[in-house]
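Chain letters run A, B, ... following the sequence lines, proteins first and then strands; every chain starts at 1.
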Amino acid sequence: MKYLTNIDRRVIYILVIVSIIIPLVLPLNLPIVATNEIVDCYNEIEKLESGDVVLVSFNYSIGAQAEISPQADIVMQHLFSKEGIKIVGVALRSSGIIMMDNFYENKGVEFNKEYGVDYINLGYLVGGETAMVNLGKDIHMVAPKDHYGNLITDFEMMKNIRTGADLSLIIDFNSGTPGTPEMIRQLVDPYNLPYVAGMLSVSVVGNLPYYASGQIDGYLNSLVGAAGYESLLGVNGTASAEMDPLSSSVMIILFLIIIGNITYFINKSDKSNKGSEYK
Amino acid sequence: MIGNTIAALCTLSLMSFAFRENFFYRLAEHTFVGLSLAYGFVLTLERIDPVIITPISQGRYELIVPIFLGLLVYSRFFKGTGWLLSYPISIFVGVGVGLSLKGVITAQIIKQVHDTYMGVGSIGEIIILVGVVCVLLFFFFSRKATGDTPPVLGVTSKIGRIFMMVAFGSLFGNTVLGRMTLLIGRLKFLLGDWLHIIS
Amino acid sequence: MKSKTVCLAITILCALIIIIDAFFNISIFKILSLMLTEWTVVMGVVAFAAAALALFSLHIKRIMFKRNEWYLSAYLIAIFLVQTTLGIIFGSNSGIFMFAINHMFTPLGATMYSLLALWIASAAYRAFRARSLDATIMLLTAVIVMIGSTSFGAAISPYFADVSRFIQLIPTTAASRGIMIGGGIGAIALGVRILLGIERGHTSASGE
């Protein structure tokens with residue numbers, strides 16, 4: 001019991017790491033559920049029609065890629081599989097450019113889409129929230145050239161995409177600032193646009209009021225959201241494979257919390273018994 | 001393979017901090033800071049063409065003014081001229097205040113209040129209305145209960161606290177999920193992309 | 001013109017232009033507002049080297065005065081200079097620039113945050129106790145949300161996901177909304193204080 005009261009932190013670390021490694025090596029294939037907010041996200045993309053313009057924004061940091069990249073991968077797969085959609089990609093953080101190469105440019109090639117006709121990469125836009133404001137007012141002013149240095153006026157698809165009013169949907173993958181509140185303030189509300197967001201787990205609680213009020217039409221909560229989305233598309237991808245280790249590691253955390261509380265209550269009753277002995 | 005090995009060594013160096021701080025951790029830390037700075041620097045440098053040079057070449061000569069104001073930021077590195085930094089900062093603060101006031105009023109207050117009281121019908125919506133009111137009362141009337149404090153504020157304070165404890169519990173649960181996901185990503189890289197133990 | 005009053009006037013003018021454009025449809029303010037936001041972006045781009053210079057001066061002082069582990073500061077500056085030179089010569093899209101970004105910067109960034117998982121496990125064991133009613137409510141909610149979000153919850157019973165969803169959509173949303181509205185009112189109060197000139201901290205940015 002004394003040992004359980006004060007487990008060495010390195011033992012805890014090893015327990016957590018082992019609880020992750022075992023299901024990675026020996027998958028359990030536990031069921032995955034797509035909850036309502038994931039279905040809402042899926043439906044917003046599913047109901048897009050030919051000619052609709054989608055703004056996809058990559059605003060997440062390197063540290064968040066384990067949570068957000070699986071979301072970006074599967075959502076981009078769904079988006080690029082739709083015919084006739086015009087996709088405008090931007091990064092409002094410098095790290096977003098790295099992610100765009102993996103989950104945006106490669107998808108364009110994979111689905112035989114033509115750059116400049118079906119999709120375009122406007123690159124990194126400096127300014128955060130200010131850049132969002134300018135995107136809504138005049139896209140050509142804030143990004144006169146694409147990520148590769150070509151004038152965007154040379155691309156046919158950009159001729160009729162000038163302001164926020166020309167967009168049909170905003171998809172935003174973010175991890176902090178600029179994030180969901182800024183996007184809602186500067187683009188979603190002013191232009192009354194549908195908006196789906198891929199976000200970190202820690203951001204979900206703060207953004208739930210926006211979902212409840214309809215300002216966010218659907219959201220993906222970290223890896224759980226990505227796995228649910230994969231189940232809707234019938235894909236057994238990265239996120240689905242990582243759900244087993246996530247489940248087992250969370251069980252270890254719960255086990256540690258229970259052990260900690262049991263030892264706390266036992267010690268508390270021991271102390272009160274010893275106290276009553278001296279009375 | 002070389003790239004993955006370098007990445008794995010960087011990962012393990014940083015992870016070694018969990019057990020004890022050591023030289024490899026500090027080396028990895030300094031590598032990260034240096035690369036992070038260089039990456040942001042190069043990317044922003046590349047924005048000079050589309051944001052400044054291209055518009056000026058198209059006749060937008062008024063951009064000379066913000067270029068000059070932006071250069072004032074470097075005045076802090078010279079003795080006696082640091083006060084010049086106040087001018088660009090004032091513009092940044094002014095624009096920031098304007099943008100946030102513009103957005104906060106509609107998106108964060110009006111729409112949220114509207115959604116709270118409009119069309120309250122189901123039990124869930126009633127609970128939300130009660131919760132929002134109690135939490136707001138908890139924050140705006142936080143003071144020690146005295147003889148003059150209306151009893152109802154004591155009740156709303158307790159209800160508000162319960163709602164907030166549920167929210168913080170939910171936040172903690174989500175935080176655990178998020179943090180574990182980050183670790184899974186790294187372990188999956190080490191076992192899969194580097195050691196090829198998993199496919 | 002070291003006047004704090006001039007700086008304050010600039011702040012108030014900029015804020016008022018943006019606010020008037022947001023709530024009234026007056027063409028001159030639309031033009032001024034667009035101009036101001038564009039100027040802010042241009043200023044941000046021009047000031048791009050400020051962070052690098054600040055970090056440089058810190059590390060160069062460490063090297064000059066041979067402070068503890070000064071060689072790590074020299075290493076940092078060397079990494080920065082080499083990577084920046086590669087970026088300027090070959091471009092940010094080039095393989096040679098992206099090699100260090102993909103194989104060093106990205107894994108280091110990801111690993112830095114992944115360590116939090118270990119620390120949260122240790123913190124959960126040591127500190128998360130049901131000491132009071134509030135702590136017990138928080139603990140139970142966390143447990144239900146964690147189980148409900150994972151596959152174990154779905155495997156045990158579908159009700160876990162339903163209860164977890166109810167907790168997030170109803171009481172959590174209520175509390176978050178209350179905090180959000182309160183925070184919004186606080187942001188407006190701060191904005192009004194800046195507009196009225198009561199908050200002046202930013203007008204002496206250099207500390208002089």
> Side chains of I127(B) and F166(C): closer than 4.5 Å at any heavy-atom pair?
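Counting from C-beta outward, I127(B) and F166(C) do come under 4.5 Å.
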> Which bit of I179(C) is near chain B, if near means a heavy-atom gap under 4.5 Å: side chain, backbone, both or neither?
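For I179(C), the contact with chain B is made by backbone and side chain together.
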> Please list, in residue-number order, every residue in residues 5-12 of chain B that has a heavy atom less than 4.5 Å from any heavy atom of chain C; write 'none' if there are none.
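Listed by number, the contacting residues are I6(B), A7(B), C10(B), T11(B).
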> Who among I17(C), L36(C), V145(C), L76(C) has the most heavy-atom pairs with chain B under 4.5 Å?
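Result: the option with the highest number of such pairs is L76(C).
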> Is chain B contacted by the side chain of I101(C), its backbone, both, or neither, given a heavy-atom distance below 4.5 Å?
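Only the side chain of I101(C) comes within 4.5 Å of chain B.
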> For I185(C), is it the side chain, the backbone, both, or neither that has a heavy atom closer than 4.5 Å to a heavy atom of chain B?
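Both backbone and side chain.
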> Using a cut-off of under 4.5 Å on heavy-atom pairs, state which of I120(C), I20(C), L140(C) scores highest against chain B.
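It is I120(C).
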> Under 4.5 Å from any heavy atom of chain B, what part of T136(C) do you find: side chain, backbone, both or neither?
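T136(C) has no heavy atom closer than 4.5 Å to chain B.
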> Look at A22(C), A50(C), G87(C), A78(C) and state which one has the largest set of heavy-atom pairs under 4.5 Å with chain B.
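Among A22(C), A50(C), G87(C), A78(C), the one with the most close pairs to chain B is A50(C).
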> Assess whether atom CG of L196(C) is packed by more than 12 heavy atoms of other residues, nucleotides or ligands within 6.0 Å.
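Yes, the 6.0 Å shell around CG holds more than 12 heavy atoms from other groups.
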> Less than 4.5 Å apart, any side-chain heavy atom of M15(B) and any of M112(C)?
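Not touching, per the 4.5 Å side-chain cut-off.
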> Roughly how far, to the nearest 0.5 Å, is CD of Q108(B) from CD1 of I188(C)?
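Here the rounded value is 8.5 Å.
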> Measure distances from V132(B) to the heavy atoms of chain C and classify the residue's part below 4.5 Å as side chain, backbone, both or neither.
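When you check distances to chain C, atoms from both the backbone and side chain of V132(B) fall under 4.5 Å.
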> Would you say V46(C) and V73(B) make side-chain contact, with heavy atoms under 4.5 Å?
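V46(C) vs V73(B): side chains apart.
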> Between chain B and each of L108(C), I79(C), I18(C), count heavy-atom pairs under 4.5 Å; write down the option with the most.
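The residue among L108(C), I79(C), I18(C) with the greatest pair count is L108(C).
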> In terms of heavy-atom pairs under 4.5 Å with chain C, which of F168(B), Y74(B), F172(B) leads?
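With the most close heavy-atom pairs to chain C, the winner is Y74(B).
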> Chain B heavy atoms under 4.5 Å from Y71(C): which part of the residue, side chain, backbone, both or neither?
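The side chain, not the backbone.
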> Who wins among V176(B), V93(B), V133(B) for the most heavy-atom pairs under 4.5 Å with chain C?
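Among V176(B), V93(B), V133(B), the one with the most close pairs to chain C is V93(B).
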> In terms of the angle between their ring planes, are F32(B) and F105(C) parallel, tilted or perpendicular, with boundaries placed at 30° and 60°?
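Parallel.
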> What part of F17(B) lies closer than 4.5 angstrom to a heavy atom of chain C: side chain, backbone, both or neither?
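For F17(B), the side chain is the part near chain C, not the backbone.
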> Mind ranking L177(B), I162(B), T116(B) by heavy-atom pairs under 4.5 Å with chain C and telling me who comes out on top?
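Highest number of pairs under 4.5 Å: T116(B).
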> Drop me the distance from S176(C)'s OG to I128(B)'s CD1, to the nearest 0.5 angstrom.
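Going from the OG atom of S176(C) to the CD1 atom of I128(B) covers 10.5 Å.
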> Relative to chain B, which segment of L139(C) carries a heavy atom at a distance below 4.5 Å: side chain, backbone, both, or neither?
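Looking at L139(C), nothing touches chain B.
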> What part of I67(B) gets within 4.5 angstrom of chain C, counting heavy atoms only: side chain, backbone, both, or neither?
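Backbone plus side chain of I67(B), per the 4.5 Å heavy-atom cut-off to chain C.
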> By a 4.5 Å heavy-atom criterion (distance strictly below it), what part of L43(B) contacts chain C: side chain, backbone, both, or neither?
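When you check distances to chain C, only side chain atoms of L43(B) fall under 4.5 Å.
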> Look up atom CE in M180(C) and atom CD in Q112(B), then write down how far apart they are to the nearest 0.5 Å.
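M180(C) CE to Q112(B) CD: 5.0 Å, rounded to 0.5 Å.
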> Scan side-chain atoms only and decide if S92(C) and Y39(B) contain a donor-acceptor pair under the 3.5 Å cut-off.
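Result is no, nothing qualifies.
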> Can you tell me which portion of T175(B) sits under 4.5 Å from chain C's heavy atoms? Options are side chain, backbone, both or neither.
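Both parts, backbone and side chain.
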> Check whether L115(C) gets within reach of chain B through its side chain, its backbone, both or neither, counting any heavy atom under 4.5 Å.
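Contact with chain B: side chain only.
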> Between K102(B) and D21(C), does at least one N-O distance fall below 4.0 Å, as a salt bridge requires?
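No, this pair does not count.
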> Are any side-chain N or O atoms of T11(C) and backbone N or O atoms of S90(B), one a donor and one an acceptor, separated by less than 3.5 Å?
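A pair under 3.5 Å: yes.
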> Among V65(B), N4(B), V33(B), single out the residue with the greatest number of heavy-atom pairs under 4.5 Å to chain C.
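Of V65(B), N4(B), V33(B), V65(B) has the most heavy-atom pairs under 4.5 Å with chain C.
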> Given heavy-atom pairs under 4.5 angstrom as the criterion, report whether the side chain, backbone, both or neither of A54(C) touches chain B.
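The answer is both parts of A54(C).
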> List the atom pairs, with distances to 0.1 Å, where a side-chain N or O of residues 48-57 of chain B and a protein N or O form a donor-acceptor pair under 3.5 Å, not counting sequence neighbours.
unit_1 : atom_1 : unit_2  : atom_2 : d
D49(B) : OD1    : K145(A) : NZ     : 3.4
D49(B) : OD1    : T54(B)  : OG1    : 3.1
D49(B) : OD2    : K145(A) : NZ     : 2.9
T54(B) : OG1    : K145(A) : NZ     : 3.4
T54(B) : OG1    : D49(B)  : O      : 3.0
S57(B) : OG     : I53(B)  : O      : 3.3
S57(B) : OG     : T54(B)  : O      : 2.6

> Does any backbone or side-chain atom of F77(B) lie under 4.5 Å from a heavy atom of chain C? Answer side chain, backbone, both or neither.
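Only the side chain of F77(B) comes within 4.5 Å of chain C.
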> Hey, does W39(C) have a side-chain heavy atom less than 4.5 Å from the side chain of V95(B)?
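Of all side-chain heavy-atom pairs linking W39(C) with V95(B), none is under 4.5 Å.
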